[in-house]
Amino acid sequence: MRLPIPWKKRRLSPFSCTNHLLFSSSNPTRLITMLSSPPPPPSSNSLASTHLQSSPQNHQLTSILDQCKTMKELKQIHSQMIRTGLIRSPLERRRLLSFCCTHQSGDMDYARLLFDEIPNPDLFDWNSMIRGHSNRHSPDAAVLVYVEMLARGFVPDDYTLPFLLKAFTRDAAVGLGDELHAHALKFGLSSNAHVRNALIRMYSTSGEIDTARELFERSSKRDAVMWNAMISGYNRSKQFVESLKLFEGMVQATVTPTPVTYILVLSACARLKDLEYGARIHGIIKESRMLPNSKLENVLIDMYAECGDMDEAWRLFEGMKVQDVISWTAVVAGFANSGEIDRARMLFDRMPERDSVSWTAMIDGYVQASRFKEALEVFRAMQFANVRPDEFTMVGVLTACAQLGALGVGEWIRVYMERNKIKIDIFVGNALIDMYSKCGSVERALEIFNLMHRRDKFTWTAIIMGLAVNGCEEEALDLFSKMLGTSVRPDEITYIGVLSACTHAGLVEEGRELFSSMINMHGIMPNVTHYGCLVDLLGRAGHLREALETINNMPMKPNSTVWGALLGACRIHRDVEMAELAAKHLLELEPENSAAYMLLSNIYAKCHKWDEVRKVRQMIMDRGIRKTPGCSLIEVNGEVHEFVAGDRSHPGSDEIYSKLEEMSKELKCAGYVPDTSEVFLDVGEEEKENAIYWHSEKLAIAFGLISSQSGVAIRVVKNLRMCFDCHSAIKFVSQVYSREIVVRDRTRFHHFRGGLCSCNDYW
DNA sequence: GTAGGGTTAG
């Protein structure tokens, strides 16, 4: 007999359907109430229900439940069970509940409704509910059920804690881990291997890897799974050397590694970029004749790719029977990281399927290759492809925004994250701070900083650095002392932030003190970059002699940054003699450094040493040095526009140039005098004026004035240091057009407002 | 009658 399936057409669902055979009410509360009362008896026969439960019809219902795939089908079956009375069988009810708790498409709200219908739920039912919440990654809900279960007098068994602990995220583990461990002891479950492994996992999730290790050490019997759990814990804590040590311990203890062991160990090798160890493991796997396993193959590909052996990674990839999205992503990321970004892109375009990890890998590839605009384009394509970005994606995209100074896109990302409930974890938070800082929006950077409840040294360093380069030096130093009051220790990068705060504010004494506190208080040995900061600090403040002495007394060989800092200081203080010395050293180190020639010739030009200017220019010609072209970026309506000096490639060029002309007139009326002292060309005054007139930042600002509403700040990112003339011209623009203008140049930010600059002309 | 360890990215 074939069971008619009328419910397929009638959409019977006891909890959610309207126009229902059984329930005509559309009020869900009423439906639930009705459900809790026994269904109408099928006949007046008192034996009817027993009869029904074993009827062929019900038998068929049961077997349909086995094939059930979706909640919709489940609800139909459920309706039918109510109609036939089968629902009164505890076994069948439990099967419905099981589906909701274990199936991929299971619905825990529905599970709860079913659960509440069970007159006397037993431990199995409670475990199912906890397991269901775990599967849905809802630790809070799982804990609530567990608490309820205890309150109703149940005692957890071997299954309860593993199910519960599996849901635990870091926060849950930190908050409740110890208590649950205590429960395991109290209820005599701690010797169970499943419970122990769950606890090991939980402790390593909460960062208490040593407690996990203690549990591991105190276990009398350690099977391969327990070794794996412990190795996995070290991987999770990023202690990859420990992972490998433990693996060796496992081999010594003659426990046979499983495929999972090798996956874990190879993953550790990949992170350590230990090709030799990884290849050795590969050899062992080959010898062991382990069955082909796609996860193992993927991690092998990844290991070779991470270690830079793309030939081997590619060979393995091609040798795979079926490459899945992870295999593809591993080779795409591998090529991107080894500098073959275009090859990575070609493969990426050929991928049969792309998930958020693949898209993120491609975005990160472009970021690493400094091709930030392409990174944003890929992100756009990702949205177009309807793939949901996650925290990892956001970090890559925000980094691209930061580099481009694309505040608009960055802001958009933040709103997007809010709307799509992408959480601001510590990585995203740090990236947001960095983005806002690099886009010149310190207020927003501080806002993010203040709402982050966990802060690591990168968080502090990002905000300190952000404040330092944006003209908020006092605040930067203030936050640095706050940081010292926390458990987070500054590192060498943090010190670069505080030292540059001192440099920009001209706080020589504070800078000197911080420099020594770095060594005395935190045991951080200053590296060549710190000396560069110190030289910069002293030099800018006019202590050129002391700066030179610092260089001469450095414990290491000064690099180009150090000599560059001195040369920059000579430019400010017009010291030709020392400039020559600094330039000589700098060019010995980097004969191709075009900025050095520029600085030197600028200094000569400023001091009217035209013969010398000519000599430098000759040198540049003879040596075939190419000046890095000045380039300015400005973002308008989510699109980044790029300008180089004298650029006419922009579609709105005509308009931009006429705006520029208008600006020039207005500025001159307001008292602006072009400063051609840094013009490198040996030409007449008029041509010199033209040369600076066309500087890329001026083009970008003219474009900004045309294409944005009045009152909106104009933000420009420049790849080189701003020249004196642009700096003075922009001050006038900010006054004449009543606009806030923010320019990020190579070394810092300039916030122009009402004719003044935040750098106080000290840069 | 339910379980344990696993691959990709910041």
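Quick note on labels: first sequence line is chain A, next is B, and so on, each numbered from 1.
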With a 3.5 Å cut-off and sequence neighbours excluded, list the donor-acceptor pairs that the side chains of residues 245-255 of chain A form with protein atoms.
from, atom 1, to, atom 2, distance (Å)
A:Lys245, NZ, A:Glu242, OE2, 3.4
A:Glu248, OE2, A:Tyr277, OH, 2.4

key: A:Arg95 and A:Glu92 ion-paired at < 4.0 Å   = yes
inquiry  = Taking the basic N atoms (NZ, or NE/NH1/NH2) and the acidic carboxylate oxygens, is any pair closer than 4.0 Å for A:Lys423 and A:Asp390?
reply    = no
query = Has A:His194 got its ring stacked on B:dG4, by the test of a centre gap below 5.5 Å and a plane angle below 30°?
reply = no
ask   = Can you find a donor-acceptor N/O pair under 3.5 angstrom joining the side chain of A:Thr261 to the base of B:dG5?
value = no
key: Near-strand residues of residues 322-354 of chain A, defined as heavy-atom separation under 4.0 angstrom from DNA chain B   = A:Ile326
ask   = Hey, does the side-chain of A:Asp223 have a donor or acceptor N/O within less than 3.5 Å of a partner on the base of B:dG4?
value = yes
request  = Indicate yes or no: does A:Glu447 engage A:Arg414 in a salt bridge with an N to O separation below 4.0 Å.
outcome  = yes
query = Of the options A:Phe335, A:Phe317, A:Trp314, which is the one that meets A:Trp328 in a ring-ring contact (aromatic ring centres under 6.0 Å, His included)?
reply = A:Phe317
remark   = Winner on side-chain proximity to A:Asp425, out of B:dG4, B:dT2, B:dG10, is B:dG10
query = Taking the side chain of A:Lys295 as heavy atoms from C-beta outward, which of B:dT7, B:dG5, B:dA3 is closest to it?
reply = B:dT7
key: Ionic contact status for A:Arg345 with A:Asp349, cut-off 4.0 Å   = yes
